[in-house]
Amino acid sequence: MERIVKKINLSYYLIYTLTILSTIVGYIITQTRETTIDVKSPLSITLSSIVIIYIIISIPAALAIFNRNIKKYISIEEDYKKMEKYTSAATWRILAVGFGLVLSVVVFYIIRTESMIFCAGISALALIICKPTPGKINSDLKLDEPKEDEEEENDIQP
């Protein structure tokens with residue numbers, strides 16, 4: 001279980017590392033150059049719209065698709081396959097949500113508008129929700145609960 005958490009955490013912390021790197025690079029670039037795109041220009045409006053639409057669509061979609069897939073994975077008998085599929089789904093969910101975080105930080109340094117800070121905050125909160133823990137994995141895959149066959153056997157015995 002710990003190996004799976006570490007594998008998923010790799011992508012989780014990779015997203016935060018990319019966010020920090022993009023923040024540092026954006027800060028350095030804006031310190032050397034004072035020109036930014038005007039907030040009311042068509043390019044600025046287009047960039048901010050793309051980020052906002054991506055976040056509005058990607059966060060609920062990533063969470064819903066992950067939830068739908070988890071319901072399918074519960075029925076898999078082999079624990080190895082179940083964990084492998086869970087690891088893949090959790091990694092894709094983190095990458096989909098995390099891309100919005102990195103993108104909003106990059107666009108913030110291009111157009112300098114508060115809405116991109118809010119978008120980064122929303123993405124960061126969604127990413128915190130996606131952080132894997134052994135308890136979440138057990139809960140998602142219902143590993144602690146007895147299977148239906150085991151429940152029937154327990155009911156028969158006195």
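Since we're looking at a predicted model, the values are computed, not measured.
Contact annotation: the side chain of Ser115 never approaches that of Val51 to less than 4.5 Å [non-hydrogen atoms, C-beta and beyond]. Residues Ile8 and Ile94 form a side-chain contact, since some pair of their non-hydrogen atoms from C-beta on lies under 4.5 Å apart. The closest side-chain heavy-atom distance from Val97 to Ser58 is not below 4.5 Å. Within the 4.5 Å cutoff, the side chain of Asn9 has heavy atoms near those of the Lys131 side chain. Counting only heavy atoms from C-beta outward, the side chains of Thr113 and Phe108 never approach each other to under 4.5 Å.
For Gln31, the CD atom sits in a packed shell: over 12 heavy atoms of surrounding residues, nucleotides or ligands are nearer than 6.0 Å. For Lys136, the NZ atom is densely surrounded, since the number of other residues' heavy atoms within 6.0 Å is greater than 12.
With rounding to the nearest 0.5 angstrom, the CD atom of Glu78 is 11.0 Å from the NZ atom of Lys85. Note: Ser88 OG to Lys7 NZ = 9.0 Å, rounded to the nearest 0.5 Å. Atom OH of Tyr109 and atom OG of Ser22 lie 8.0 Å apart (nearest 0.5 Å). Rounding to the nearest 0.5 angstrom, the gap separating the CD atom in Glu84 from the OG1 atom in Thr87 is 7.5 Å. The line from OG1 of Thr19 to CG of Leu101 is 3.5 Å long, rounded to the nearest 0.5 Å.
In this view, Tyr16 and Tyr12 satisfy the ring pair (Phe, Tyr, Trp, His ring centres under 6.0 Å) rule, not counting sequence neighbours. Judged as a ring pair (Phe, Tyr, Trp, His ring centres under 6.0 Å), and not counting sequence neighbours, the contacts of Phe99 are Tyr54. For the side-chain hydrogen bond (donor to acceptor under 3.5 Å, both in side chains) test, no residue two or more places apart in sequence or in another chain qualifies with Lys81. Applying the side-chain hydrogen bond (donor to acceptor under 3.5 Å, both in side chains) test to Asn69 and every residue at least two apart in sequence or in another chain returns nothing. For Ile122, the side-chain contact (heavy atoms from CB on, under 4.5 Å) partners two or more places apart in sequence, or in a different chain, are Ile55, Ile59.
A donor-acceptor pair is defined here as one N or O able to donate and one able to accept, closer than 3.5 Å; no such pair exists between the side chain of Ser139 and the backbone of Gly135. In this structure a side-chain-to-backbone donor-acceptor pair under 3.5 Å is present from Ser75 to Lys72. Remark: the backbone N or O of Ser44 is paired with a side-chain donor or acceptor of Ser41 at under 3.5 angstrom. Between the side chain of Thr30 and the backbone N or O of Tyr27 there is at least one donor-acceptor pair closer than 3.5 Å. Of the possible donor and acceptor atoms, none in the side chain of Arg93 sits under 3.5 Å from a partner among the backbone N and O of Leu63.
Heavy-atom minimum distance, Ala96 versus Ala62: CB-CB, 4.1 Å. Considering all non-hydrogen atoms of both residues, Gly98 and Ile15 come closest at CA-CG2, 3.4 Å. When all heavy atoms of Lys82 and Ile76 are compared, the pair lying nearest together is CE-O, 3.0 Å. Closest heavy-atom contact between Val39 and Ile45: O-CG1, 4.0 Å.
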Evaluate the criterion side-chain contact (heavy atoms from CB on, under 4.5 Å) for residue pair Val106 and Met116; output intermediate values, then yes/no.
-> CA-CA 9 Å; Val106 169; Met116 292 301 104; over 6 Å; no
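One hydrophobic cluster, built from ILVMFWY side chains closer than 4.5 Å, holds both Leu95 and Tyr13. If you chain together hydrophobic residues whose side chains sit under 4.5 Å apart, Leu43 and Val105 fall into the same group. Note on Tyr80: it does not cluster hydrophobically with Ile70, by side-chain heavy-atom contacts below 4.5 Å among ILVMFWY residues. There is a path of hydrophobic side-chain contacts, each under 4.5 Å, that joins Ile137 to Tyr73. Cluster annotation: Ile117 and Ile110 are assigned to the same hydrophobic cluster (Ile/Leu/Val/Met/Phe/Trp/Tyr, side-chain heavy-atom contacts under 4.5 Å, transitive).
Each of Thr17, Ile24, Thr23 was checked for a side chain to side chain contact (heavy atoms under 4.5 Å, CB included) with Ile20, and the lone residue meeting it is Ile24. Of the residues Ile56, Ile57, Ile50, the one that meets the side chain to side chain contact (heavy atoms under 4.5 Å, CB included) test with Ile53 is Ile57.
In this structure, Tyr86 has its ring center under 6.0 Å from that of Phe66.
Other members of the cluster containing Leu21 do not exist, because no ILVMFWY side chain is joined to it at under 4.5 Å.
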